[in-house]
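Here's the structure we're looking at; comments come further down.
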Amino acid sequence: MAVVALTACQGDDGSSAVNFTSSTVMELPSVASQQSTVSFTATADWTVTLSSDWVSVSPRRGSAGSHTLTLTTASTNRTKTTRTAQLTITAGGDRRSVSLIQSSKYAIFDQKEYSVDAIGGQVMLTFKSNIEQTEDIGLRYSRLDWLHWIDESRRATRAEWTGNTIPINVDANTTGEGRVAMFLLTLPADSEEGWMGLDTAYIYQPPVRDDYTSADYSADGTVTLMQQATAGRGIPIVIMGDGFADVDVADGTYRQVMEQSMENLFSEEPVRSLRDYFTVYAVTAVSRNRGVGSDRQTVFSTVPSYSSSDIAYNQDEVVRYTTMVDNLDFDHALSVVIVNSSSHNGVTALMSNAETKEPGQYAIALCSLMEGVESERFRQVLTHEAIGHGLAKLADEYGYESNGGPTADEISLLGRLHRYQWMTNVDTTDDPSKVLWAPFIGDSRYSSEAIGLYEGAYTYTLDVYRPTEESMMRGNESPFNAPSRKAIYDKVMLLGEGRAASTHDEFAAFDAQHKPQRWHYGTSATRSPWQEWRRRLVPPKMLNFN
């Protein structure tokens, strides 16, 4: 086992400004989100650095005195080899280090995605592991109403399997929608759930499809003015749907989806109060088949992923239908595609100039209907994608366990995006006086939102910070936090009136009159890993930008 040696730089008198009162070689847990501590004394102001991103440390700086650092494993070691890192404390020109070790403990599915016929059948989940038979590897699962393997009231262990193979029987899918189940290999852990996830696999089953084929395409390409702007220049939004047949247009279903989608877009502050700045169009798109997927013929060829929230689609067709709107200010438009599927999927593409590579305004947001056109989940994800990403160019405020910290190139890219007023709700500094939302910190007008520095954002768990514990750009269930509301307000003022970004006090004066009516910015409510999985969306795709 390789161990990084203890190092120290001493002053001229041979003394050290840093002295550890705990071990200088530490073995950390092999699973994520576990904590250990390092204690030391310092005779001067100090800072701490880590040589790897599989572990995080807090705090990262301090003054002279006795201190305890909290180390948190950022990810489970599934690499099949021991990982090492070096924690270095620098004070008064002296440096001393602690060697950190994380052994490997893994159980990995041989295949991440499985498909089964619509008529049903059997799937054999297989995995590899270095954990002994006596270890309590568990299996958590979802959707066992159509999957049959074990009594749902029991927790599965390896003793109940045949070796490393888990047989799953799947019922026929007569729901009319594709469906997906998630399986999670687990180990016991000191957490509220009592276990920690190791690896995931998914079973996807398409529906038994009806054979209906559209016959009447006369309404295809029809443009309907849904709302005319009465303030500013009129920021264009173009909504369209995929996987809707001619009968869905004829019976009013398509129009209902378009109208509810428009209402959802203006359901959160500050766009609720700035609605008059937007002109909204709906373009009718008649698909050959109802529903979406690789076995359907639809206008935009949308295919929702079942192992992530991504949606494949035909970008050229989305642009073509968008430009069916006469005299459209395309460069400043937002295209919104509603996907006729109950899957939990949403994604946004942010466009830049193909020649100059400079960031632009045009964006495409796609969102599935999820639990239905009037469902809260659909409203939340559509708002997150279309308003958060598509309009305001906000970043996600969560991190994936598989991501530690960003590379130097990624930090540089984020800094460049900031210069264009993109992703201003995340930052890489942990200095509250220098972070992008510094004016909000300590402003008594925003004390109820607990604005500060919360590590984990931009899909990274380390070294990128967000303004609040929860928000629309993190869990979808909370309003936009104040820095995000300012980004939305500034974007509407820029596109609608050509105004430069507002000062903090200018925005605060507006915000005082138009704050969200519901609040949930504090400590996250307890969520199971299933809820964590469902609320995480893929980050926006930045096209033609480098």
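As the structure is a prediction and not an experimental result, all values here were calculated from the model. Along the sequence shown, residues carry numbers from 1. Note: hydrogens, waters and symmetry copies are ignored here, and every other heavy atom, side chains too, is used.
Judged purely by distance below 3.5 Å, without hydrogens or angles, the side chains of T383 and E268 never pair a donor atom with an acceptor atom. Between the side chains of E449 and T468, not a single donor N or O lies within less than 3.5 Å of an accepting N or O. Side-chain contact annotation: Y458 with D463, donor-acceptor N/O pair under 3.5 Å absent. Looking only at atom types and distance, the side chain of T253 has no donor-acceptor partner in the side chain of Q256 under 3.5 Å away. With 3.5 Å as the limit, one finds a donor-acceptor pair spanning the side chains of Q227 and R275. A side-chain donor-acceptor contact under 3.5 Å links D242 and T302. Between the side chains of S368 and S343, at least one donor N or O lies within less than 3.5 Å of an accepting N or O. The closest side-chain donor-acceptor pair between H389 and T348, if any, does not fall under 3.5 angstrom.
Here the two rings, on Y313 and F300, have centers that are 6.0 Å apart or farther. Between H504 and F440, the ring center distance clears the sub-6.0 Å criterion. Taking the six-membered ring for Trp, Y362 and F330 have ring centres closer than 6.0 Å.
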*Checking ring pair (Phe, Tyr, Trp, His ring centres under 6.0 Å) for the pair F109/F183: CA distance, chi angles, key distance, verdict?*
CA-CA 10 Å; F109 282 110; F183 291 83; 7.4 Å; no
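Contact between P359 and W422 at its shortest, heavy atoms only, is CB-CZ2, 3.2 Å.
In this structure, the salt bridge (charged side-chain N to carboxylate O under 4.0 Å, His left out) partners of D295, at least two apart in sequence or on a different chain, are R209. Listed by chain and number, the residues in a side chain to side chain donor-acceptor pair (under 3.5 Å) with Y277 are E497 (sequence neighbours excluded).
Summarising the geometry, atom CG belonging to L436 is positioned 8.5 Å from atom CD belonging to Q421; distances are rounded to the nearest 0.5 Å.
Looking at E469, its side chain never comes within 3.5 Å of a backbone N or O of Y454 through a donor-acceptor pair.
Remark: R179 fails to qualify as a cation-pi partner of Y204 under the 6.0 Å distance and 45° angle criteria applied to the six-membered ring. In this structure, K515 forms no cation-pi arrangement with F510, as its terminal cationic atom is not both closer than 6.0 Å to the ring centre and no more than 45° off the ring axis.
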